[in-house]
Amino acid sequence: MTPTTSPEHSPLGKSSAYADQYDPSLLFPLPRQTNRTGLGIAPGQALPFFGADLWTGYELSWLNLRGKPQVALLQAQIPCETPNLIESKSFKLYLNSFNNSRFASSDAVREHLRHDLSAAAWHGSGQTASIGLRLVSPEDFDQQAMEELSGLNLDRLDVECSHYHPTPELLRAKHDEPPVTEVLTSRLLKSNCLVTGQPDWGSVQISYSGAAIDQEGLLRYIVSFRNHNEFHEQCVERIFMNIWQRCRPIKLTVYARYTRRGGLDINPLRTSHPMQLPPSVRTARQ
């Protein structure tokens with residue numbers, strides 16, 4: 001892996017030669033702390049959330065020892081406690097490097113993936129830990145479900161929108177009324193890649209307990225990311241922190257599922273309390 005870990009040095013936005021043999025050095029880790037400092041999370045401070053980045057890789061293939069191509073779906077869970085996120089184009093290039101490489105079994109492929117992705121996620125920290133990783137074989141492809149995020153759809157609201165950069169001032173909660181527990185969703189989350197400016201389309205689910213959040217203001221706030229340049233993981237952490245600080249819920253979970261790009265989708269979840277991660281179920285737009 002490269003020792004230079006700033007976005008401008010990543011493969012994003014650059015012409016890239018596709019490696020035709022397995023090459024873990026293609027993975028490009030990006031420190032999470034850079035963006036978290038801007039959110040008020042100081043280096044070394046305990047994170048105010050739990051969670052993980054849930055990846056799905058749809059373009060994973062390799063050769064068996066007889067040279068016959070094999071395929072599988074990749075499902076990876078990278079904890080938010082890791083010091084790095086993994087830049088998505090480097091992830092794609094890395095997966096493509098398996099295409100003409102021979103492996104004895106899918107188990108061998110899975111262990112290479114687990115080792116390399118774990119090393120990238122923990123790069124530079126002096127720590128090592130394993131990420132969650134699963135390969136779905138073709139025999140199980142027909143068991144892969146598709147469903148929309150559950151909850152009350154905010155998009156039903158006929159609101160006027162005029163903010164297209166994150167505007168946390170739009171968030172309000174009714175602290176003078178009894179607390180509620182509800183799940184709210186929207187398909188109108190859109191931001192742009194931090195480096196290339198390409199659009200990132202997503203659906204977001206906000207689950208909370210506490211003072212009722214003003215739904216019109218929340219929808220306008222979600223829409224306000226429309227022209228914002230930030231990675232998926234960073235957007236979800238920004239949404240979590242803005243709601244947490246301005247609405248002061250007792251519990252909060254923010255979960256986004258983004259449309260795939262380059263054969264990969266990234267689905268970050270951040271929550272105020274330990275919880276079981278949701279199953280990897282894609283939405284219609286993924």
Side-chain angles (χ1 to χ4, degrees), residues 49-58 73-78 80 85 88 91 144-159 161 163-168 170-171 181-194 197-209 213-244 247 249 251-272 275-286:
F49 45 68
F50 303 89
D53 306 324
L54 312 180
W55 292 73
T56 312
Y58 297 92
L73 296 178
L74 164 69
Q75 296 176 349
Q77 301 172 351
I78 301 179
C80 67
L85 57 86
S88 60
F91 202 148
Q144 299 305 294
M146 180 178 70
E147 63 184 42
E148 296 303 291
L149 294 174
S150 62
L152 180 62
N153 184 14
L154 292 171
D155 303 343
R156 76 191 192 283
L157 301 172
D158 184 19
V159 299
C161 299
H163 297 277
Y164 301 108
H165 291 279
T167 310
L170 295 168
L171 295 168
T181 296
E182 60 184 359
V183 180
L184 307 172
T185 63
S186 174
R187 298 182 181 90
L188 302 186
L189 178 61
K190 178 214 172 262
S191 54
N192 301 315
C193 173
L194 179 63
Q198 293 186 52
D200 294 322
W201 306 94
S203 297
V204 62
Q205 180 188 66
I206 296 166
S207 311
Y208 75 96
S209 296
I213 297 174
D214 177 75
Q215 294 182 12
E216 291 190 0
L218 178 57
L219 179 58
R220 290 189 180 101
Y221 168 74
I222 292 169
V223 169
S224 75
F225 278 76
R226 194 167 184 83
N227 294 335
H228 181 59
N229 297 332
E230 208 166 38
F231 293 131
H232 300 51
E233 301 93 332
Q234 297 170 342
C235 285
V236 169
E237 291 187 359
R238 185 174 299 277
I239 293 170
F240 179 94
M241 292 299 294
N242 286 168
I243 295 175
W244 187 251
C247 299
K251 289 185 175 181
L252 175 64
T253 301
V254 178
Y255 178 37
R257 295 199 65 91
Y258 281 89
T259 299
R260 77 180 79 164
R261 176 135 44 90
L264 290 165
D265 64 39
I266 312 171
N267 311 287
L269 181 145
R270 301 294 183 266
T271 179
S272 62
M275 60 174 285
Q276 185 174 356
L277 292 174
S280 183
V281 179
R282 72 180 182 92
T283 66
R285 293 196 297 165
Q286 292 186 290

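Source: prediction; values computed, not measured. Below, each value reflects all heavy atoms present in this structure, side chains not excepted, and no hydrogens, waters or symmetry copies.
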Residues two or more places apart in sequence or in another chain: which of them pass side-chain hydrogen bond (donor to acceptor under 3.5 Å, both in side chains) with [X]?
X	value
Thr253	Thr271
Asn153	none
Tyr255	Arg257

With a 4.5 Å cut-off on side-chain heavy atoms, are [Y] and [X] touching?
X	Y	value
Gln234	Ser191	no
Ser203	Thr185	no
Trp55	Asn267	no
Tyr164	Ser224	no
Ile222	Ile206	yes
Leu189	Tyr258	yes
Ser280	Leu54	no
Leu157	Gln215	yes

If I take atom [atom1] from residue [X] and atom [atom2] from residue [Y], how far apart are they, to the nearest 0.5 angstrom?
X	Y	atom1	atom2	value
His165	Asn227	NE2	CG	5.0 Å
Arg220	Leu170	CZ	CG	7.5 Å
Gln75	Gln144	CD	CD	5.5 Å
Ile243	Leu218	CD1	CG	5.5 Å

Intermediate values then yes/no, side chain to side chain contact (heavy atoms under 4.5 Å, CB included), Leu264 and Tyr58: CA-CA 6 Å; Leu264 290 165; Tyr58 297 92; over 6 Å; no
Under 3.5 Å: donor-acceptor pair, side chain of [X], backbone of [Y]:
X	Y	value
Asp200	His232	no
Lys190	Arg226	yes
Arg282	Met146	no
Ser272	Leu252	yes
Gln205	Ser150	yes

Step-by-step side chain to side chain contact (heavy atoms under 4.5 Å, CB included) determination, Asp155 to Leu219: CA-CA 7 Å; Asp155 303 343; Leu219 179 58; 3.6 Å; yes
Minimum heavy-atom distance between [X] and [Y], given as atom pair plus value:
X	Y	value
Cys247	Leu171	SG-CB, 4.0 Å
Asn192	Pro199	OD1-CA, 3.6 Å
Tyr221	Ile239	OH-CA, 3.3 Å
Ala145	Val281	O-CG1, 3.6 Å
Ser209	Thr181	OG-OG1, 2.9 Å

Residue pairs fulfilling salt bridge (charged side-chain N to carboxylate O under 4.0 Å, His left out) with at least one residue in residues 234-244, sequence neighbours excluded: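 As it turns out, the salt bridge (charged side-chain N to carboxylate O under 4.0 Å, His left out) pairs with a partner in residues 234-244, which skip direct neighbours, are Arg36-Glu237, Glu230-Arg238, Glu237-Arg270.
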Contacts of Phe50 that satisfy ring pair (Phe, Tyr, Trp, His ring centres under 6.0 Å) - sequence neighbours left out: none
Any residue meeting ring pair (Phe, Tyr, Trp, His ring centres under 6.0 Å) with Tyr208, in chain and number order, not counting sequence neighbours: none
Phe91: which of Leu74, Leu85, Ile266 passes side-chain contact (heavy atoms from CB on, under 4.5 Å): Leu74
Neighbour count above 12 (heavy atom, 6.0 Å) for Arg260 CZ: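 Atom CZ in Arg260 is crowded, with more than 12 foreign heavy atoms closer than 6.0 Å.
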Phe240 and Phe49 aromatic ring geometry - parallel, tilted or perpendicular at 30°/60° bounds: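 Phe49 vs Phe240 ring planes: perpendicular.
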